[in-house]
Amino acid sequence: MKFFPSLGLGLLLWASAALAAEPVSIVTTTADIAAIVKAIGGDRVAVESIAKGYQDPHFVEAKPSFVRVVNRARMLFNVGLELEVGWLPLLIQGARNPSMTVVDLSSGIAVLEKPSGPVSRAQGDVHPLGNPHYWLDPRNGVIMARRVTQELKTVAAADAATFDQNLKSFEMDTTARRKRWEEQMAPFRGAELVSYHKEWEYLVNWLGLNVVGYVEDKPGIPATPRHLEELVQTMQQKKVKALLASNYTNPNVPKSVAEKTGAKLVILASSVGGEESVRTYGDLFESIVGKLTGALK
Ligand SMILES: [Zn+2]
């Protein structure tokens, strides 16, 4: 009988070690948030993104496999501002996982283009609550990382010190690189650009660039021929050098606009995973800044 207590203790120790080793299951709506969660959570989290970085995050198919992912998750991080309104509510409803915490990362962000009057979804505008593409400013990435750290501590309190340490590294690395990106882009301050979708506002706001027109009539609304004609005229008058489009955009229309005006069509990854080489949040800006400096010089 003597060995039973020690066996019991052994089992208990084994079980608690196994519990401690089990990473917390986290789901994110976008790959950028997943990259930040990974940077903070390290091997203490198992993170999966619903949207891939090469997909339009406004329009994602709410597949049954995603419902299963959400069903298993302890915490879900999303961009908010209705970026995911077309698909996330369906996944959450289908997953029936009331113990999962949902964290909307937009709550700590200084939102651009916030409507001052009553919200209108007129003609299908996909940015009714303000511009949701805020991860495209590395200063916002740091704000997102702080919030992620705070929230991860609520589901893995034992790892709080690790998360704090990882946050410190993330902040230092992002800030150091941000200063270098700013230096690289400094010669192009005030440069006039056109973009396909209204998704580079945070980026241009950060870098001091100037968007003078959009291919889409309104966010999410395809251009009319008349709108395109006016855009081409504006671009010719202003001698716009670059037309930015995300790599998930159908390139046909922006390509023809660029050709008519002599502007360079600059296809950018707007999310982590949008290009093979963009694997971390920092890689995203390395890629964007590299392409912008190439096109504007
Ligand atoms: Zn958008």
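Note that ligands are numbered from 1 as they come in the structure, with each ligand's atoms numbered from 1 the same way. Atom set for the values below is all heavy atoms of this structure, side chains included, hydrogens, waters and symmetry mates excluded.
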Asks: Any side-chain to backbone donor/acceptor pair from Q236 onto K260? Under 3.5 Å, distance only.
Replies: yes
Asks: Before moving on, can you tell me the angle at the Zn ion (ligand 1) between the NE2 atom of H197 and the NE2 atom of H127, to the nearest 10 degrees?
Replies: 110°
Asks: For N/O/S atoms only: which one belongs to H133 and is nearest the Zn ion (ligand 1)?
Replies: NE2
Asks: Is E286 salt-bridged to R177, going by a charged N under 4.0 Å from an acidic O?
Replies: yes
Asks: Can you say whether the rings of Y281 and F285 are parallel (under 30°), tilted (30 to 60°) or perpendicular (over 60°)?
Replies: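 Because their plane-to-plane angle is over 60°, the rings of Y281 and F285 count as perpendicular.
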Asks: Is the closest basic N to carboxylate O distance between K255 and E259 below 4.0 Å?
Replies: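 Judged by the 4.0 Å cut-off on N to carboxylate O distance, K255 and E259 do not form a salt bridge.
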Asks: As a test of reading the structure, name the N/O/S atom of H58 that is nearest the Zn ion (ligand 1).
Replies: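 Among the N, O or S atoms of H58, the one closest to the Zn ion (ligand 1) is NE2.
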